[in-house]
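Heads up, the thing below is written out as structure tokens.
Everything numeric here is computed off the predicted structure, so don't read it as measured data.
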Amino acid sequence: MKKQFNRMRQLANQTVGRAEKTEVLSEDLLQVEKRLELVKQVSHSTHKKLSACLQGQQGVDVDKKSKKHPLTTLAQCMVDGAAVLGDESLLGKMLKLCGETQDKLAQELILFELTTERDVIEPLYDLAEVEIPNIQKQRKYLAKLVLDMDSARTRFYQSTKSSGLSSNLQPTGAKADHLREEMEEAANRMEICRDQLSADMYSFVAKEIDYASYFQALIEVQAEYHRKSLELLQSVLPQIKAHQETWVEKPCYGKPLEEHLALSGRDIAFPIEACVTMLLECGMQEEGLFRIAPSASKLKKLKASLDCGVLDVQEYSADPHAIAGALKSYLRELPEPLMTFELYNNWIQASNIQDQDRRLQALLNACEKLPPSNNNNFKYLIKFLSKLTEYQDVNKMTPGNIAIVLGPNLLWTHNEGNITEMMTTVSLQIVGIIEPIIQHADWFFPGEIEFNVTGNYGSPVHTNHNANYSSMPSPDMDQMDRRQTDQSRRPLSVATDNMMLEFYKKDGYDPPAGSLSRRHPGDPNSLQKHTADYLHNQSQRPASDLGLRLNE
């Protein structure tokens, strides 16, 4: 009871007389004491967050960590999937290669995590949970010893006062000696603890560079892990790309022309050649080709088969409209039109020239500015469309009709306006571009062309069939000489009035009687006016009646 009473009296003295408590630490050590708590908090939170970043289980050996590591299980899943699909499929090859790569990455990651645990996480834990708490525990013990020392001193001085002696005289007797010994012993214990605590605090300050090296080690370990991982990925990427490039089934719809040609090793886009060669066999005499809409399901199936390079010619030979629709869709789904965005203004400016000779020359100049891949495919397509007009008496597709339904799929602008404006103004200009090029295909692109480029079909060879153009210059003639020689020989526009009239009437548009027949053969204004009227008329019709419109 006496000891408990003395302890309570000590605590009361500490509480009531706090301002009189003896401070035994220097100002520098008091600042270190505050820093200890801050370092402890930072080290604890960093240790916690860094441990959460590790994917594997901590504190286990390499084998157990490898078996349960997420990246290892992913690698095993990929390898198993590759075995199911087989090496014959591209997906199977990719899964096998990627699975092996993921397994190697997992081993590198496990090594990284083990090194991080050893060099960073564990030292941070010791700092936050062992070293600093030990110093703080010692600091609390020193505070207790200071309290004991102050209490012993107080009791001794009180004994002096009660004996009536002056402060300069020392009390005598057994009790006084006992109090003096108690005071001196408390002071000695306090000094020993203070010296030990001061040494530990100064050591903490001196070792801050060691503590900072933990984070340097973390960056070095991460750098080594990422360097090895990068080397591993860079070594496997060429193999992955090689599998991709050698795989024959490459999508083509919606892909840039240059990319498709480079991947497939072709000069003519696969959908263009496949559709053209099939149409040459089964669709040249089909009425309304490119104009009549095909079955949506049939078109979707044909596009999908062209996209994966599998094509049943016999199946689609009975449906030339589906083939024509697939060709139009390919042209329209190109990210950039076949006649290019860059030359859009050149084409439009050429179509606005009134003089026939100058207009044809301007169109020729634009053709010659096309990139080689675009030029080859545009030439191939125009030659085919020109051949299609040989059967216009049967298929009703004159150059003008073809230009109306196919032109917007060959050229468009970046920012198309509303549908009415596009159909009446822009599409009218495009018609004025495509129609003369089809009419004079052999002047724009002299020489014969083999449509069956890859030898998969038996299509005929294109020959010069332009009856309105005689004395065609030799295709071997120099380009500049060919231009100068034929300045006076260029044909006038040969829009077929009767066929245009029939085309208009077929869609319910009837131009004023005799208006087409009265225009001058070389004057394009009348044709353009009625074509504009026709296009505007179509834009006003309900969507249900537009089964076959410009962008079919």
Hey, could you give me the CZ/NZ distance between Phe378 and Lys383, rounded to the nearest 0.5 Å? 12.5 Å
Do any N or O atoms from the side chain of Glu287 and from the backbone of Lys396 form a donor-acceptor pair under 3.5 angstrom? no
Would Glu258 and Ser373 count as having a side-chain donor-acceptor pair, cut-off 3.5 Å? yes
Salt bridge or not for Lys228 and Glu231, using N-O below 4.0 Å? no
Verify, without hydrogens or angle tests, whether Tyr380 (side chain) and Phe451 (backbone) share a donor-acceptor contact under 3.5 angstrom. yes
Phe384 side, atom CZ; Cys275 side, atom SG - distance, nearest 0.5 Å: 9.0 Å
Find out whether Pro294 and Lys298 are in side-chain contact, i.e. whether some heavy atom of one side chain is under 4.5 Å from a heavy atom of the other. no
Could you check Glu273 against Arg266 for salt bridge (charged side-chain N to carboxylate O under 4.0 Å, His left out), going step by step and ending with a plain yes or no? CA-CA 10 Å; Glu273 181 185 350; Arg266 305 175 62 91; 2.2 Å; yes
Give a yes or no answer on whether the side chain of Asn376 reaches the backbone of Pro372 with a donor-acceptor pair at less than 3.5 Å. yes
Once you round to the nearest 0.5 Å, how far does CG of Asn409 lie from CD1 of Ile434? 10.0 Å
Side-chain heavy atoms of Leu105 within contact of Leu109, under 4.5 Å: no
Under 3.5 Å, sequence neighbours excluded: what are the donor-acceptor pairs made by side chains of residues 82-102?
residue: Ser89; atom: OG; partner: Gly86; partner atom: O; Å: 3.3
residue: Ser89; atom: OG; partner: Gly92; partner atom: N; Å: 3.0
residue: Thr101; atom: OG1; partner: Leu97; partner atom: O; Å: 2.8

Donor-acceptor contact below 3.5 Å, side chain Glu220 vs main chain Ala217: no
Approximate separation, where rounding is to 0.5 Å, of Arg332 CZ and Tyr253 OH: 14.5 Å
Ion pair Lys369/Glu342, N-O distance below 4.0 Å: no
In Å, rounded to the nearest 0.5 Å, how long is the span from CZ of Phe444 to CD of Gln439? 9.5 Å
Without hydrogens or angle criteria, can the side chains of Asn365 and Gln361 be said to hold a donor-acceptor pair below 3.5 Å? yes
Is the side chain of Asn377 donor-acceptor paired with the backbone N or O of Asp267 at a distance under 3.5 Å, no angle test? yes
Test item: Arg358 side-chain N/O and Ala350 main-chain N/O as donor-acceptor pair under 3.5 Å: no
For Gln76, which of Thr73, Thr72, Asp80 qualifies under side-chain hydrogen bond (donor to acceptor under 3.5 Å, both in side chains)? Asp80
Please examine the side chains of Pro337 and Leu410, heavy atoms only from C-beta on, and report whether any two atoms are closer than 4.5 Å. no
Measuring from atom CD of Glu224 to atom OG of Ser229, what distance do you get when rounded to the nearest 0.5 angstrom? 9.5 Å
Counting C-beta onward and ignoring hydrogens, is there a side-chain heavy-atom pair between Tyr330 and Leu257 closer than 4.5 Å? yes
Does the Asn395 side chain pair with the main chain of Glu286, one donor and one acceptor, at a distance under 3.5 Å? no
Any donor-acceptor pair under 3.5 Å linking the side chain of Lys328 with the backbone of Phe290? yes
